[in-house]
Amino acid sequence: MRHVLAAVSLAGALAVSTAGPAQATEYTSALKLKGVQYDAPGADSNRCSGGNTKDEYLTIKNYSRTATVDLRGYVVKDATGNKFTFPASHRLEPGDHVKLRGGRGTDSDAGNVVYRQNCNFIWNNDKDTVYLVKPNGSRADVHSYTKRANDADGNGYINFHG
């Protein structure tokens, strides 16, 4: 009976130890979602000329102290499947960040900006989920938000990681 209890106890411990890291793996990446300007200031206008899509952005930061990360192949998407895949190399040095902006523009490593080259808004103004997915398909980071619960000052920006 002792051996059976020990085996059950060991199986339970293994289940707990394997369940814990599986949930936490999305946060073990050097890249994390720093914050999102989900509601661009002003009235929403997704016109490519004169609209404010460029004022909606997601900040991604490399929290590693030593590793440089190339964003090529990383995917950013929302709860309904709208997505953007980083098509070109954009290297983030340790502690560096990039703003992924809507609208059209010129990407700049020096300016820490990449444009989606799409004038449609991606983030919902009331609630959404933001996914950062590695090129191999595994999650790097995920955050959900609601305007009511997460944006106390009502400025349309939510900070996920400081």
Side-chain angles (χ1 to χ4, degrees), residues 19-48 50-65 67-88 90-109 111-162:
Q23 285 182 319
T25 54
E26 66 188 74
Y27 300 107
T28 60
S29 172
L31 291 185
K32 293 185 182 181
L33 303 168
K34 185 175 188 301
V36 63
Q37 180 73 47
Y38 68 91
D39 188 2
D44 285 352
S45 172
N46 62 355
R47 291 178 315 189
C48 286
N52 65 340
T53 312
K54 69 183 179 325
D55 297 326
E56 178 187 84
Y57 61 88
L58 176 68
T59 305
I60 300 168
K61 183 174 178 179
N62 180 356
Y63 286 88
S64 172
R65 293 182 182 179
T68 298
V69 180
D70 188 351
L71 289 172
R72 182 182 211 136
Y74 272 80
V75 175
V76 170
K77 63 182 183 175
D78 73 349
T80 61
N82 295 309
K83 70 179 184 175
F84 172 81
T85 302
F86 285 89
H90 187 93
R91 298 172 59 84
L92 290 181
E93 301 296 327
D96 203 3
H97 72 279
V98 66
K99 285 187 178 178
L100 175 61
R101 291 189 174 275
R104 301 190 192 287
T106 303
D107 298 348
S108 169
D109 279 335
N112 292 329
V113 66
V114 171
Y115 288 88
R116 291 189 293 111
Q117 306 304 334
N118 182 320
C119 296
N120 293 321
F121 291 97
I122 191 170
W123 313 117
N124 293 331
N125 288 351
D126 59 343
K127 65 180 179 177
D128 214 332
T129 300
V130 183
Y131 298 89
L132 178 62
V133 181
K134 296 177 183 181
N136 67 9
S138 65
R139 291 182 180 170
D141 203 4
V142 177
H143 289 279
S144 294
Y145 67 85
T146 64
K147 181 174 187 165
R148 181 177 304 187
N150 303 110
D151 190 7
D153 61 7
N155 69 353
Y157 184 84
I158 296 172
N159 191 32
F160 298 129
H161 295 280

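Any value given below was found using the heavy atoms of this structure, including those in side chains, with hydrogens, waters and symmetry copies removed. In what follows, residues are counted from 1 in the order of the sequence shown.
Val98 has its side chain out of reach of Val113: every pair of non-hydrogen atoms, C-beta onward, lies at least 4.5 Å apart. Looking at heavy atoms from C-beta onward, Val76 lies in side-chain contact with Phe86 at the 4.5 angstrom threshold. Between Tyr38 and Lys147 the shortest side-chain heavy-atom distance falls below 4.5 Å. Counting heavy atoms from C-beta on, the side chains of Leu100 and Arg116 come closer than 4.5 Å. Considering only heavy atoms from C-beta on, Asn52 comes within 4.5 Å of Asp44 through its side chain.
In this structure, the side chain of Asp70 engages the main chain of His90 through a donor-acceptor pair within 3.5 Å. The backbone N or O of Tyr115 sits less than 3.5 Å from a side-chain atom of Asp107, completing a donor-acceptor pair. Of the possible donor and acceptor atoms, one in the side chain of Gln117 sits under 3.5 Å from a partner among the backbone N and O of Gly105. Of the possible polar contacts, one joining the Asp141 side chain to the Leu33 backbone as a donor-acceptor pair under 3.5 Å is found.
When all heavy atoms of Leu58 and Trp123 are compared, the pair lying nearest together is CD2-CZ2, 4.0 Å. Here the closest non-hydrogen pair linking Phe121 and Ala40 is CE2-CB, 4.1 Å. Arg91 and Thr68 get closest at one heavy-atom pair: NH2-CG2, 3.6 Å. The two residues Gln37 and Glu56 have their closest heavy-atom pair at O-CG, 3.2 Å. Residue Ala30 comes nearest to Ser64 through the heavy atom pair CB-CB, 3.7 Å, listed as atom of the first residue, atom of the second, then distance.
Rounding to the nearest 0.5 Å gives a distance of 10.5 Å between CD of Glu93 and CG of Asn112. Rounded to the nearest 0.5 Å, atoms NZ (Lys83) and NZ (Lys77) are 7.0 Å apart. With rounding to the nearest 0.5 angstrom, the NE2 atom of His97 is 12.0 Å from the CG atom of Asn62.
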Apply side-chain contact (heavy atoms from CB on, under 4.5 Å) to Asn118 and Phe84, showing your working.
CA-CA 9 Å; Asn118 182 320; Phe84 172 81; over 6 Å; no
Where do Lys34 and Asn159 land on the side-chain contact (heavy atoms from CB on, under 4.5 Å) test, with the steps shown first?
CA-CA 6 Å; Lys34 185 175 188 301; Asn159 191 32; 4.2 Å; yes
Go through Asp39 and Asp151 one step at a time and tell me if the side-chain contact (heavy atoms from CB on, under 4.5 Å) criterion holds.
CA-CA 10 Å; Asp39 188 2; Asp151 190 7; over 6 Å; no
Start with the C-alpha gap between His143 and His161, add the side-chain angles, then the distance that decides, and say whether side-chain contact (heavy atoms from CB on, under 4.5 Å) holds.
CA-CA 10 Å; His143 289 279; His161 295 280; 3.1 Å; yes
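Using a 30° and 60° split on the angle between ring planes, Tyr157 and Tyr57 fall in the tilted class, from 30° to 60°.
Tyr74 meets the ring-ring contact (aromatic ring centres under 6.0 Å, His included) test with no other residue; sequence neighbours excluded.
A side chain to side chain contact (heavy atoms under 4.5 Å, CB included) with Asp78 is found for one member of Val130, Thr129, Asp128 and no other, namely Asp128.
Residues Asn46 and Asn120 have side chains that bring a donor and an acceptor to within less than 3.5 angstrom of each other. At a cut-off of 3.5 Å, with distance as the only test, no side-chain donor of Thr146 or Arg148 sits close to an acceptor on the other residue.
The disulfide (SG to SG under 2.5 Å) analysis of residues 116-162, with sequence neighbours excluded, yields the pairs Cys48-Cys119.
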